[in-house]
Amino acid sequence: MADDGGELPPPAKKKSPAEEAAEKRRKKLTPGSLMKGLIRSGSGDATPAEGDQVIIHCTTRTMDGTVVNSTRREHGGKGIPLRFVLGKSKMILGFAEGFPTMLKGEIAMFKMQPKVHYAEDDCPVAAPDGFPKDDELQFEIEMLDFFKAKVVAEDLGVVKKIIDEGKGWETPREPYEITARITARTADGKEIIPSKEEAYFFTIGKSEVPKGLEMGIGTMARKEKATIFVSSTYLTKSSLMPQLEGLEVHFDVELIQFIQVRDMLGDGRLIKRRVVDGKGEFPMDCPLHDSLLRVHYKGMLLDESKSVFYDTRVDNDGEPLEFCSGEGLVPEGFEMCVRLMLPGEKSIVTCPPDFAYDKFPRPANVPEGATVQWEIELLGFEMPKDWTGLTFNEIMYEADKIKNTGNRLFKEGKFDLAKAKYDKVLREYNHVHPHDDEEGKIFANSRSSLHLNVAACYQKMGEYRKSIETCNKVLEANPVHVKALYRRGTSYMLLGEFNDARNDFEKMITIDKSSEPDATAALLKLKQKEQESEKKARKQFRGLFDKKPGEISEVGAESEGGKDSNDAKGSGEATSSERDADTKGSPSGESEYAFEEERPGLVGRVWPSARRIFSSLGLNRCTIL
């Protein structure tokens with residue numbers, strides 16, 4: 001068939017489940033089942049759409065004019081309008097089809113057959129008690145207002161209407177400190193909290209305002225003005241207002257300011273409190289990734305003395321501290337908080353001892369177990385160099401710098417931080433493509449070396465199975481890689497999988513005769529481990545089969561205390577010793593740390609001093625601290 005040159009129609013947009021359900025209900029409409037008569041015209045030309053909240057008065061009458069029920073006081077109602085969110089709220093079919101036809105301020109009469117109101121098959125809402133659901137009825141609707149709604153609570157118990165947009169997109173959360181102007185009225189207009197010039201101050205999460213109001217404010221940006229509709233379910237007891245039973249309250253809120261307070265650990269011990277806002281958007285403009293940072297800070301003891309133990313403006317000749325994050329050179333709590341600061345921001349950090357100096361070299365004037373407070377100002381930071389556009393040699397140079405930092409962290413026993421450095425380079429390597437065989441060989445060797453360093457970190461962290469999996473990546477590319485066999489065999493041995501360990505150590509000798517001394521030492525250690533394992537098993541089951549028929553022997557009973565306690569202690573010490581020494585006999589003269597370390601060269605000579613190094617997200621150090 002010849003091509004007529006016409007364009008194909010765009011593919012039909014797939015309908016959402018809600019749209020499919022609405023279309024299915026709409027098929028129940030038949031001519032005359034839903035009729036509309038205009039009583040009063042509305043204003044404008046906009047009509048409600050899906051996602052809008054509509055606020056209406058409704059009076060229901062029989063065909064002879066008898067009022068069945070109403071929201072209006074003059075017809076026996078409470079004077080409280082009804083709220084619906086189109087596409088979200090459950091409602092009768094006549095409302096779902098009728099509301100989108102109305103203008104703001106319009107009054108209309110909808111005549112509905114029973115199948116269009118509460119007698120509909122599978123009607124999502126139940127008829128009120130005594131309601132004539134099998135009769136044809138008239139529904140007088142006044143469209144008081146409609147607007148795009150922010151659904152805060154899934155059950156529609158908290159809904160927000162934005163009056164004036166705020167600034168930025170950061171919104172408060174527990175335990176932020178809030179400054180806001182608040183007024184409140186019931187759904188029928190009765191004033192609860194009058195308007196006043198003074199603002200309210202409260203902390204999210206401390207039940208100082210009703211839960212629903214807190215939830216709504218948690219969706220607001222700075223300087224935003226909004227009306228928050230809160231049903232009685234969310235009007236919890238608070239100091240802001242008396243608790244109201246069975247009423248809905250509308251809060252008019254202007255969010256003047258909020259102070260970011262972050263519970264970094266979730267247990268109230270490490271708290272970061274922003275006192276001066278920085279520049280940019282949180283958290284996109286924070287130094288989340290390893291960066292060169294410049295900060296001023298003052299450290300104070302949180303004891304009776306309140307003494308300052310360090311101040312960069314005094315003790316550092318007024319110069320700020322410069323460091324690279326991700327290098328384990330500052331206390332863990334310090335770096336966790338700095339990574340969540342904006343340039344120009346000032347924050348006060350309260351830090352417990354285990355995230356301050358108890359696991360970090362303590363200054364002479366900081367006692368053990370001290371809780372400290374840091375006043376930190378982030379002056380600025382520089383992002384790490386982008387590898388895009390670099391030559392292969394430049395990429396390998398940058399990779400070696402990061403790897404050497406990982407090697408230093410490994411030697412310091414910071415295995416998780418070292419692993420993060422190696423992993424970072426391996427991720428970047430996914431976008432590196434060597435151009436010739438020589439570059440390919442250099443690249444493959446570097447990647448294998450990094451994988452083996454990651455495996456060594458897993459080993460030191462006690463995650464032997466992950467160490468084996470990482471070694472397998474090297475052996476899949478090069479099945480005769482001696483160092484990978486050694487490291488995998490060591491992990492097998494530490495897991496107690498002695499046959500697999502023996503196979504790897506013996507394979508080393510067949511591949512490379514120069515590795516025989518290391519492999520032989522490993523096999524000797526393996527034999528010792530097997531003997532210790534057998535001895536432990538015999539001790540555990542000693543006496544199990546020595547009893548006469550009818551007697552019961554408990555497994556390992558003799559080893560509980562008594563003469564065997566010393567043996568157990570000695571065994572534990574041996575195991576610890578072996579863990580520290582498990583890589584001393586590694587191939588090619590590997591150190592006891594058993595990781596791939598480059599010989600000091602140009603990179604080592606140009607690598608910045610500790611003054612310019614800061615730690616990674618989590619565990620950190622800083623020599624000046």
Side-chain angles (χ1 to χ4, degrees), residues 34-61 67-112 116-117 125 128 137-153 155-164 183-193 195 212-213 216 225-235 244 246-253:
L34 176 62
M35 306 288 288
K36 176 184 176 182
L38 186 64
I39 298 175
R40 185 183 75 189
S41 298
S43 59
D45 55 8
T47 57
E50 183 170 348
D52 285 355
Q53 174 167 276
V54 298
I55 301 177
I56 66 160
H57 268 307
C58 175
T59 300
T60 307
R61 297 182 176 89
V67 174
V68 177
N69 64 18
S70 178
T71 59
R72 297 182 181 276
R73 283 197 176 94
E74 60 265 32
H75 295 305
K78 296 181 179 180
I80 300 175
L82 301 176
R83 289 190 301 113
F84 299 93
V85 177
L86 299 186
K88 296 280 188 180
S89 299
K90 295 178 180 179
M91 64 185 79
I92 60 175
L93 178 57
F95 286 176
E97 296 300 315
F99 291 160
T101 69
M102 300 185 69
L103 301 174
K104 189 173 295 186
E106 177 183 322
I107 300 177
M109 183 71 75
F110 290 91
K111 185 174 72 171
M112 303 185 196
V116 180
H117 56 78
V125 289
L137 299 172
Q138 296 175 333
F139 294 80
E140 181 186 306
I141 305 296
E142 180 181 2
M143 182 62 67
L144 300 173
D145 194 11
F146 62 86
F147 49 84
K148 186 62 65 179
K150 166 67 176 177
V151 176
V152 180
D155 62 358
L156 308 181
V158 184
V159 175
K160 184 183 77 169
K161 174 186 178 182
I162 297 176
I163 308 299
D164 290 331
T183 61
R185 63 189 184 280
T186 60
D188 59 354
K190 181 181 178 182
E191 188 177 73
I192 301 174
I193 301 176
S195 175
L213 175 59
K225 294 181 181 180
T227 300
I228 301 172
F229 301 82
V230 182
S231 67
S232 59
T233 308
Y234 293 90
L235 290 174
L244 304 175
L247 292 179
E248 179 179 286
V249 175
H250 301 171
F251 295 92
D252 291 319
V253 181

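This one's a predicted model, so the numbers in the text were calculated from it and none came from an experiment. We use all heavy atoms of the structure for the numbers below, so side chains are in, but hydrogens, waters and symmetry mates are not.
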Note, Met91 side chain near Val125 side chain (heavy atom, < 4.5 Å): no
side-chain contact (heavy atoms from CB on, under 4.5 Å) between Val152 and Tyr234, intermediate numbers included: CA-CA 11 Å; Val152 180; Tyr234 293 90; over 6 Å; no
Spacing of OG1 belonging to Thr227 relative to NE2 belonging to His250, to within rounding of 0.5 Å: 9.0 Å
Whether over 12 other heavy atoms sit under 6.0 Å from Lys225 NZ: no
Rounded distance [0.5 Å steps], CZ in Phe251 versus OG1 in Thr183: 9.5 Å
Residue pair Phe110 / Val116, side-chain heavy-atom distance below 4.5 Å: no
Leu244 and Ile192: CA distance, side-chain angles, deciding distance, side-chain contact (heavy atoms from CB on, under 4.5 Å) verdict: CA-CA 10 Å; Leu244 304 175; Ile192 301 174; 3.3 Å; yes
Where Val230 and Glu248 come nearest, the two heavy atoms and their spacing: O-CG, 3.3 Å
Closest non-hydrogen atom pair between Met102 and Pro48, with its separation: O-CD, 3.1 Å
Interatomic spacing from OG1 in Thr233 to CG in Leu156 - rounded to 0.5 Å: 11.5 Å
Enclosure of Lys88 NZ (heavy-atom neighbours >12, cutoff 6.0 Å): no
Reported CE-to-CD distance for the pair Met109 and Glu140, which is rounded to 0.5 angstrom: 4.5 Å
Intermediate values then yes/no, side-chain contact (heavy atoms from CB on, under 4.5 Å), Asp252 and Arg185: CA-CA 9 Å; Asp252 291 319; Arg185 63 189 184 280; 2.7 Å; yes
Considering all heavy atoms, the nearest Met112-Ile92 contact: SD-CD1, 4.0 Å
Intermediate values then yes/no, side-chain contact (heavy atoms from CB on, under 4.5 Å), Phe147 and Ile55: CA-CA 9 Å; Phe147 49 84; Ile55 301 177; 3.9 Å; yes
Leu34 side chain near Lys36 side chain, heavy-atom distance below 4.5 Å: no
Ala184 versus Val249, closest heavy-atom pair with distance: CB-CG1, 3.9 Å
Lys161 charged N/C atom sitting above Phe229 aromatic ring, 6.0 Å / 45°: no
Heavy-atom neighbours of Asp45 CG exceed 12 at 6.0 Å: no
Heavy atoms of other groups near Lys148 NZ, more than 12 under 6.0 Å: yes
Distance (rounded to the nearest 0.5 Å) between Leu86 CG and Gln53 CD: 9.5 Å
Parallel, tilted or perpendicular: rings of Phe95 and Phe139 (30°, 60°): perpendicular
Spatial distance of atom SG (Cys58) from atom CD (Glu142) [nearest 0.5 Å]: 11.5 Å
Heavy-atom pair of closest approach, residues Ala46 and Leu103: O-CD2, 3.3 Å
Shortest non-hydrogen contact from Asp52 toward Thr47: OD2-O, 4.4 Å
